[in-house]
There are 2 protein chains.
Amino acid sequence: MDLSFGASPNQKDSATTLAYNKLRLLILTGDLAPGEKLKISALREKLGTGASPIREALSLLVSDQLVVRHEQRGFRAAETSRENFDEILELRCSLEAKALRKSMQNATGKWEENLVLVHHRMTKLAAERSDGFEREHKNFHMALIGNCQSPLLLRFCSQLYDLNIRYRYLAGRSSTYKGRAIEDEHRQILDAALSSDEEKAVKLLVSHYEVTGGFLMAHIT
Amino acid sequence: MDLSFGASPNQKDSATTLAYNKLRLLILTGDLAPGEKLKISALREKLGTGASPIREALSLLVSDQLVVRHEQRGFRAAETSRENFDEILELRCSLEAKALRKSMQNATGKWEENLVLVHHRMTKLAAERSDGFEREHKNFHMALIGNCQSPLLLRFCSQLYDLNIRYRYLAGRSSTYKGRAIEDEHRQILDAALSSDEEKAVKLLVSHYEVTGGFLMAHIT
DNA sequence: ATGTCCAATAAAATCGATTTTTTATTTGCG
DNA sequence: CGCAAATAAAAAATCGATTTTATTGGACAT
């Protein structure tokens with residue numbers, strides 16, 4: 001639906017879209033816990049809207065893999081597991097590596113400029129651990145691969161990003177960053193990307209994910 | 001939702017599930033043409049059900065990329081294009097290659113037996129160009145990679161399979177098969193998979209897709 | 001105690017009607 | 001005429017109520 005992280009609520013958004021964005025965030029942040037039953041009536045109250053938009057929003061979330069639908073017994077937030085986490089991490093490394101290569105091979109001045117811009121915005125919000133940062137963080141990572149000229153690949157990466165960040169929220173965000181030079185890593189990736197050093201950029205990006213993944217694993221049973 | 005091609009309509013299927021399966025097939029086969037507006041009222045009549053199940057089914061199809069949703073202006077069957085086709089083909093080769101390797105690395109007697117079985121069923125239906133064949137054909141390809149122990153990867157492959165077969169239907173199925181030893185190719189892939197020759201199996205599979213893709217391209221403007 | 005049947009309850013699924021928004025058509029004016 | 005505003009028609013989106021299905025909590029028999 002939308003590749004970005006946070007949803008900038010538009011005036012004209014339908015009740016369904018609003019519900020979709022809210023529910024997505026609730027699930028990503030763990031506010032709606034993995035495996036939790038998502039009762040229509042409860043969500044109706046929580047989001048202050050009718051059953052139809054809720055059901056539609058949940059349906060949209062199904063193929064995002066954030067919600068599962070059980071025939072005649074409603075919806076649940078998708079389960080989490082160690083296996084699932086490993087799987088996401090591996091696929092993500094593999095797909096983003098591919099996407100980053102393409103992106104760099106198609107490099108243009110415009111892409112580079114945008115990259116710098118997005119990186120700057122992220123850095124500026126790095127101090128505060130707000131949702132604003134999370135949004136810009138996703139923007140940065142999507143901007144890196146955003147020039148790959150393959151919407152499908154981008155969609156998959158975006159989906160995997162979200163699935164992954166969910167684990168980050170579940171583990172408690174702060175723990176992930178503690179004692180790590182995340183900003184350094186980002187800057188290094190940026191520099192490699194801008195200097196057209198494909199191998200280096202890919203290596204740094206994958207390592208960035210793997211290291212973060214390693215930290216996260218400690219917090220997953 | 002369901003990884004298989006055709007939907008075996010279950011007694012207990014909800015109106016939404018029924019609608020989902022029917023709509024999916026209508027879009028895959030081109031019965032609902034690329035870009036076509038999907039009016040709720042029209043579909044209501046066509047499928048003999050209310051608006052809610054239709055809308056829910058369409059929402060489920062959105063993330064399958066078979067349907068696009070436009071804020072306040074309804075749903076449309078996803079567009080097709082040469083670029084999209086190329087993208088699907090390339091991603092498919094790459095992801096299935098990865099999946100097939102994993103699948104073979106985890107090879108078990110049970111997996112092999114299933115593979116033989118599924119291949120047999122497909123072959124039996126090969127003569128008739130029925131939807132039955134299409135179902136078994138997908139089953140065969142999914143069975144090949146089905147042992148990869150990565151549900152996410154399988155889901156992506158399944159999705160790409162569907163997106164691809166849509167082009168096959170749009171081009172007119174017969175043309176794709178004409179003058180080709182499809183059954184030979186399948187048998188060779190099967191043999192390579194069973195004989196644990198990873199390189200060979202991957203090479204044959206990818207080539208199978210690329211050759212088929214080449215034939216198809218001729219029919220896409 | 002343990003399991004099975006049945007009623008009562010809760011929830012999901014669906015429908016039909018209403019509201020909102022978009023799209024098409026007409027009308028009026030430069 | 002051509003264009004823009006107003007109106008009418010169509011469609012999407014949403015709501016509230018109804019129907020269907022699953023779940024829960026006994027009553028009873030083993």
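Lettering of chains follows the sequences in order, A, B, ..., and the numbering in each one begins at 1.
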May I ask you to decide if the ring planes of A/His141 and A/His137 are parallel, tilted or perpendicular, using 30° and 60° as cut-offs?
->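 The rings of A/His141 and A/His137 stand perpendicular, inter-plane angle above 60°.
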Do B/Glu71 and B/Arg69 sit within salt-bridge range, that is, some charged N less than 4.0 Å from a carboxylate O?
->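 Judged by the 4.0 Å cut-off on N to carboxylate O distance, B/Glu71 and B/Arg69 do form a salt bridge.
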Of A/His186, A/His120, A/His208, which is the lone residue that meets ring-ring contact (aromatic ring centres under 6.0 Å, His included) with A/Phe140?
->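 Testing A/Phe140 for a ring-ring contact (aromatic ring centres under 6.0 Å, His included) against A/His186, A/His120, A/His208 leaves exactly one candidate, A/His186.
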Can you measure [X] atom [atom1] to [N] atom [atom2] for me and round it to whole angstrom units?
X: B/Arg44; N: D/dA12; atom1: CZ; atom2: P; answer: 12 Å
X: B/Ile40; N: D/dA11; atom1: CD1; atom2: C1'; answer: 9 Å
X: B/Gln72; N: D/dA11; atom1: CD; atom2: P; answer: 16 Å

Given the rule in the side-chain hydrogen bond (donor to acceptor under 3.5 Å, both in side chains) test, do A/Arg101 and A/Gln105 qualify, once you have shown the distances and angles that lead to the verdict?
-> CA-CA 6 Å; A/Arg101 282 183 201 280; A/Gln105 281 155 19; over 6 Å; no
Positional range of nucleotides in DNA chain C within the contact set of chain B, heavy-atom, under 4.0 Å |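 Nucleotide range with atoms under 4.0 Å of chain B: C/dA13 to C/dT23.
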Can you list the residues that meet the ring-ring contact (aromatic ring centres under 6.0 Å, His included) rule with A/Phe75, with sequence neighbours excluded?
->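 Not a single residue meets the ring-ring contact (aromatic ring centres under 6.0 Å, His included) criterion with A/Phe75.
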Identify whether any heavy atom of B/Ser52 sits under 4.0 Å from a base atom; if not, whether one sits that close to sugar-phosphate; answer base, sugar-phosphate or nothing.
->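 Counting heavy atoms under 4.0 Å across all strands, the contact made by B/Ser52 includes a base.
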Donor-acceptor pairs under 3.5 Å, side chain of residues 33-53 of chain B to any protein atom, not counting sequence neighbours: which ones?
from, atom 1, to, atom 2, distance (Å)
B/Glu36, OE1, B/Ala33, N, 2.7
B/Lys37, NZ, B/Arg73, O, 3.3
B/Arg44, NH1, B/Thr49, O, 3.3

Residue met sooner reading DNA chain D from 5', once B/Lys39 and B/Ala51 are mapped to nucleotides |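 Final value for this comparison: B/Lys39.
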